[in-house]
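Presented below is the structure to which this report refers.
Owing to the predicted nature of the structure, the values given are computational and were not obtained by experimental measurement.
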Amino acid sequence: MYDLKKIGQQLKEERIKQNMSIKQLSFLSGVNCITIHGYETGQTDITLKALMRIVFVLEIDINKLFPYEKSYDEASERFEYLVRNLDIRSINLVLNMAVAMVSYNEKNQNEFIFNKQLRSVNE
């Protein structure tokens with residue numbers, strides 16, 4: 001399990017390094033100022049949707065927030081290959097699709113939408 005307070009601290013450090021205020025980050029990410037402050041201080045658990053928005057605005061390498069024991073894994077390599085030549089609009093679309101899938105997953109007792117579709121094809 002990841003330490004959400006530590007992730008919030010890392011987000012704050014990166015925001016400050018870029019000379020960005022919470023208000024500016026809020027405007028660019030669409031995440032409320034008070035909510036961002038809560039993430040940075042560890043008072044509020046960060047949601048995947050908010051994390052993706054903030055990471056996108058701050059242009060943070062997600063591997064810095066969630067370090068793996070392996071420096072580079074096959075899934076990362078495949079994802080990098082898929083998005084390497086995409087423009088920013090297409091990358092945003094991919095991220096929004098991921099958020100929608102996670103949201104669907106949370107609402108449907110951790111049953112991924114693709115698993116459901118595969119079962120209906122196999123039946």
**OP:** Report the residues that fulfil salt bridge (charged side-chain N to carboxylate O under 4.0 Å, His left out) with Arg15, sequence neighbours left out, ordered by chain and then residue number.
**Re:** Glu40
Original post:
Linking I/L/V/M/F/W/Y whenever their side-chain heavy atoms sit closer than 4.5 Å, directly or via other members, would Leu28 and Val31 fall into one cluster?
Top reply: yes
Subject >> Partner set under side chain to side chain contact (heavy atoms under 4.5 Å, CB included) for Gln43, not counting sequence neighbours >> reply: His37, Thr41
**OP:** Indicate the atoms forming the closest heavy-atom contact of Cys33 with Lys23, along with that distance.
**Re:** SG-CA, 3.7 Å
**OP:** Report the C-alpha distance between Met52 and Val55 in whole Å, list the side-chain angles of each, state the deciding distance to 0.1 Å, and finish with yes or no for side-chain contact (heavy atoms from CB on, under 4.5 Å).
**Re:** CA-CA 5 Å; Met52 290 175 71; Val55 165; 5.9 Å; no
Original post:
For the atom pair CZ (Arg53) and CG (Leu25), what is the distance rounded to the nearest 0.5 Å?
Top reply: 11.5 Å
Original post:
Nearest 0.5 Å, what's the CE-CG distance between Met20 and Leu58?
Top reply: 5.5 Å
Subject >> Closest non-hydrogen atom pair, Ser29 against Ile36 >> reply: OG-CD1, 4.1 Å
Subject >> Listed partners of Lys17 passing salt bridge (charged side-chain N to carboxylate O under 4.0 Å, His left out), at least two apart >> reply: Glu14
Original post:
Applying the 4.5 Å side-chain criterion to the ILVMFWY set and letting contacts propagate, would Ile16 and Ile60 be lumped into a single cluster?
Top reply: no
Subject >> Shared hydrophobic cluster for Ile54 and Phe27 (ILVMFWY, side-chain gaps under 4.5 Å) >> reply: yes
Original post:
Just how far is it from atom CG of Leu51 to atom CG of Leu11, taken to the nearest 0.5 Å?
Top reply: 6.5 Å
